[in-house]
Amino acid sequence: PKVAIMTSRTQSPNNTKISTFNAVFDKNYQSLRRELTAENAMLVMIVSAYVAYLNEAQQNPIADLVGNLMTAKNDDKALPHQLAAKELTDQSLLTPNVKIEQILRQFYDSQDLDVVIASLIKLLSDTAHPWQCIQADFSQLQQQFLTAQAYAQQITPLLYQKLHTLSIKNQWGDPLAISLLLKGIIGETHGLTLYDGASGVANSGFSLAPGKLVLREIHMLPALLSRLLLTMVESDAELKILDSLTAKEESHQADIGICLPSFGNEIQPFALTEANYLQPLGVFHTIPSSASESLWVQLYLYHLNDKGRAYLILPIGWLFKGGYDLAVREALVNQNLIESVTLLPLGILQYSQANVCLVVLNTAKTTDAFWLMTAENMLLNGKYGGEVAEQSMEKIIDFIKNPTENNAAVKVTQAQIAQYKYDLNPKRYFKDPLEIATLELTTELTALADYQRQYDLAKVQLDKLLSSIAKQS
């Protein structure tokens, strides 16, 4: 049985191997980009790295499937019936991009990612394109390591670094700053179950290295990339391609939930008829098509156990919008499920200028108070599309983990939030109250009489002065 190797994700290859990897990757990726999209080029690179791992790793179930697909052209019996029916026909006139996209579309409904991987490997092997040269480069790189496992454990983090860089534009997964933030705040996850309902390429889940990963992703490409990378590090992640908001699943009883969903997606309420995560919070309110953020909140609460925490990156508009969002916030406050709300710096998403916040939910709170904070001014070099300074992330992480009341953090109670009509925007609570002096009538009348006497005296003096001037003239 496979055993997830936790320590490997914190190990770093030596400088020579890093340099060799970067040279292999950069040369071949740029070559592929002449005719492939960025997504497809990255897919080919990771598949090639995976093939080098497969060639040395034994007892891998995909290896047999690849072998079957490789011999299927000359021997129909080599393929199981259900796979033979899906075998691609010879379409030599199609461009490489179209061929790859056909494979992704063809197997989407089956959700059999192993078959997709095997089909892509077959495509790379059959083609006249120098993709086999790329596989050869990775095979030579693999030979620098003692075992396939050592190769995979040290190359996979480097591949994730490349994905982080490309995610700035393609949004395949969480930006590096978000992954660093979550890892710093959550800390040790050994032996814990982590749920991510919008996992992308699972870079944050990979970085956190929990005992069990439960991943859900609606798009084929990022799901496929994460399957390749997680298989290389022998992770027993449970990965499915589905729409988390509309699918019917039993609670995963996770210890941790992490979520950076796509913002602004419209939801058709009729698609939620099978969803069973809406009942626990007990919000009886018409669900509008714009309520996706509140649905994510409820989904994560449903999948937590009774001692779980969820870390949700949401647009700040969710903190104060009315209607259904207000009803959900009210329920969260009254059921004592909010641990903290932090406004994050503009630019932390790197690929977007959206203003976002971190909402931490806790199913095991013992007090009704929680923190409202703003870290908006803590980001260095956080320009849109730019890199985020590590010292900025360290400062933000420490600020969130160790809050103290000041002009950027305040501890509030349920009663205080109710007074503000369940508005969770921290800025509402940082404003200094207006100091309106209480007037005492007798004192004010005495002061007014004194001012009147001073006026009368000044008027007499002015009249004398004007009379004297008139006589002289």
Just to verify, what does D255 make a side chain to side chain contact (heavy atoms under 4.5 Å, CB included) with, not counting sequence neighbours?
L192, T193, N305

Looking at L346, L349, I348, which hits side-chain contact (heavy atoms from CB on, under 4.5 Å) with N355?
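Among L346, L349, I348, the one that satisfies the side-chain contact (heavy atoms from CB on, under 4.5 Å) with N355 is L346.
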
Walk me through whether W318 and W296 qualify under side chain to side chain contact (heavy atoms under 4.5 Å, CB included).
CA-CA 11 Å; W318 180 81; W296 284 112; over 6 Å; no

Pairing residues for [X] by the salt bridge (Lys or Arg N to Asp or Glu O under 4.0 Å) criterion, not counting sequence neighbours:
X    : result
R329 : none
E339 : R309
D196 : none

State whether a side-chain donor-acceptor pair under 3.5 Å links S294 with D325.
yes

Side-chain donor-acceptor pair under 3.5 Å between D26 and N22, yes or no?
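Result is no, nothing qualifies.
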
Y277: what forms a ring pair (Phe, Tyr, Trp, His ring centres under 6.0 Å) with it, not counting sequence neighbours?
none

Please check if the side chain of [X] supplies one atom and the backbone of [Y] the other of a donor-acceptor pair under 3.5 Å.
X    : Y    : result
T37  : N40  : yes
S226 : A223 : yes
D398 : E394 : no

Tell me whether the centres of the aromatic rings in Y300 and Y195 are closer together than 6.0 Å.
yes

Can you list, pair by pair, the side-chain donor-acceptor contacts under 3.5 Å of residues 139-146, counting residues two or more places apart and other chains?
residue: S139; atom: OG; partner: Q135; partner atom: O; Å: 3.0

